[in-house]
Amino acid sequence: MKTEIRTISEESLREAKKIISAGGVVAFHTETVYGLGANAFDDSAVESVFALKGRPADNPLIAHVHAGYDLSRLIDFDPPYAARLREAFLPGPLTMVYPSVGKVSRYVSCGLTTLAIRIPSSPAAQAFLRAVDLPIAAPSANVSKHVSPVTAEHVYDDFNGKIPLILDGGECAGGIESTVLDCTGEVPQILREGLVTRAMIAEVAGDCGVYRMKSGEKPKSPGMAYRHYSPRCGTAYCYTAEEARRVYLEEEARGGRPRILCDGACARELNGLNVLCLGETGEEMARRLYSLLRRGEKEATLLIGVIPRETEGVMAGVLNRMKRAFGVE
Ligand code: AMP
Ligand code: MG
């Protein structure tokens, strides 16, 4: 199969609609990462998304809809805070989990009675979702466990020859996946941290919890249990610039090509070494993280991640992705 990368136009949207109606899969730009989308009502189309990615069968997908879509067709309970959150943050990088009316394919939520819905703000995503006018079940458009894609080329690297169309909307401005928020209880609870932070949600909803999986417990958000975002090269992690320098020099002495992935302050301490600098703010680090992980796996024999200390705001999401990319327990 030939894989085409096309920007948004009347023709490419017509093509996307044709593929989706026939049960096929289309990759599309969003403001967080690229998605791999199929008609959420179509069992076999949804199954093929799992097969293409090699995604575990218990890791549910998010249903993406355009801003004008009538959500009552998909969900049947709506706590008052949910309406306020939609008003404040949608369209945008916030996925909300509701009790499902069970209309979409049972493969979307992997047997859970809930449905995760996202309304992306990227104009390319909105154009695609409006053109198909269907809920599109979509995980990130990477092979399972690999680094998530933030450019059409990243999607192409993972799925060339396997999908017909990538709708190119440029580089994703957000850079890490949406915040996933459980809206089935009295108080909303973050299942996955992202660009919409706990403080932002609490300000609108009055309160906001963060779900932490206890060891041995069945996870509330199944995908969170897996190692993910892994670069395909040797990896190591540490917490200080000094440690990173030592591991770097050891790898160099072995004849390897080390690279260090770290924030701006750490990069300045490591002046002279080959460093992939994530930047200064949480937002900047989120935007660069996956591109640099993908660049690192191409250049390095050993990619050394320096795990940041900061845990607040957007950094909570960046830290979560970095820990899982480098296998930090
Ligand atoms: P991905 O699209 O690859 O970023 O993965 C979507 C993530 O959303 C999954 O890994 C789950 O953690 C979460 N998710 C999707 N649907 C649900 C749901 N119904 N309940 C809880 N979490 C969900
Ligand atoms: Mg993913």
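In listed order, ligands and their atoms are each counted from 1. Residues: numbered from 1 along the sequence shown.
- Salt-bridge annotation for E193 and R212: present, with a side-chain N of the basic residue lying under 4.0 Å from a carboxylate O of the acidic one.
- Checked by distance only, ligand 1 and R192 come closer than 3.5 Å through their nitrogen or oxygen atoms.
- Classification of R198 and E203 as a salt-bridged pair fails, no side-chain N sitting under 4.0 Å from a carboxylate O.
- By the 30° and 60° cut-offs, the orientation of the rings of H64 relative to F28 is perpendicular.
- Contact annotation for A138 and ligand 1: only backbone heavy atoms (N, CA, C, O) come within less than 4.0 Å of the ligand.
- More than 12 heavy atoms of other residues, nucleotides or ligands shown are found within 6.0 angstrom of CD on E280.
- Remark: K17 engages S21, V132 in a side-chain contact (heavy atoms from CB on, under 4.5 Å) (not counting sequence neighbours).
- Assignment of S148 to the shell around ligand 1 is not supported, since no heavy atom sits closer than 4.0 Å.
- Near L191, meaning under 4.0 Å from any of its heavy atoms, are these atoms of ligand 1: 21 (C), 22 (N).
- The shortest heavy-atom distance from T95 to ligand 1 is not under 4.0 Å.
- The pair D263-R309 does not meet the salt-bridge criterion, since no charged nitrogen lies less than 4.0 angstrom from a carboxylate oxygen.
- Against a heavy-atom cut-off of under 4.0 Å, L112 is close to the following atoms of ligand 1: 18 (C), 19 (N), 20 (N).
- Close approach of ligand 1 to I62 (heavy-atom distance below 4.0 Å) involves ligand atoms 6 (C), 8 (O).
- Atom numbering of ligand 1 starts at 1 in the shown order; those under 4.0 Å from a heavy atom of L61 are 15 (C), 16 (N).
- Annotation: D70, atom CG; neighbour count of heavy atoms from other residues, nucleotides and ligands within 6.0 Å is above 12.
- With 2.8 Å as the limit, S140 counts as an N, O or S neighbour of the Mg ion (ligand 2).
- Applying the 4.0 Å criterion to heavy atoms of P60 picks out, from ligand 1, the atoms 6 (C), 9 (C), 14 (N), 15 (C), 16 (N), 17 (C), 23 (C).
- Salt-bridge check for R288 with E284: passed, with a basic side-chain N closer than 4.0 Å to an acidic carboxylate O.
- With a 4.0 Å heavy-atom cut-off, ligand 1 is reached by the side chain of R55 but not by its N, CA, C or O.
- Residue E177 has at least one heavy-atom neighbour below 4.0 Å for each of these atoms of ligand 1: 4 (O).
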query: Would Y107 and F50 satisfy ring-ring contact (aromatic ring centres under 6.0 Å, His included), going step by step from the backbone distance to the final call?
result: CA-CA 9 Å; Y107 296 114; F50 281 86; 7.5 Å; no

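- For ligand 1, the atoms sitting less than 4.0 Å from at least one non-hydrogen atom of S140 are 1 (P), 2 (O), 3 (O), numbered in the order shown with element in parentheses.
- The nearest non-hydrogen atom to atom 18 (C) of ligand 1, considering only T114, T184, V180, L181, comes from T114.
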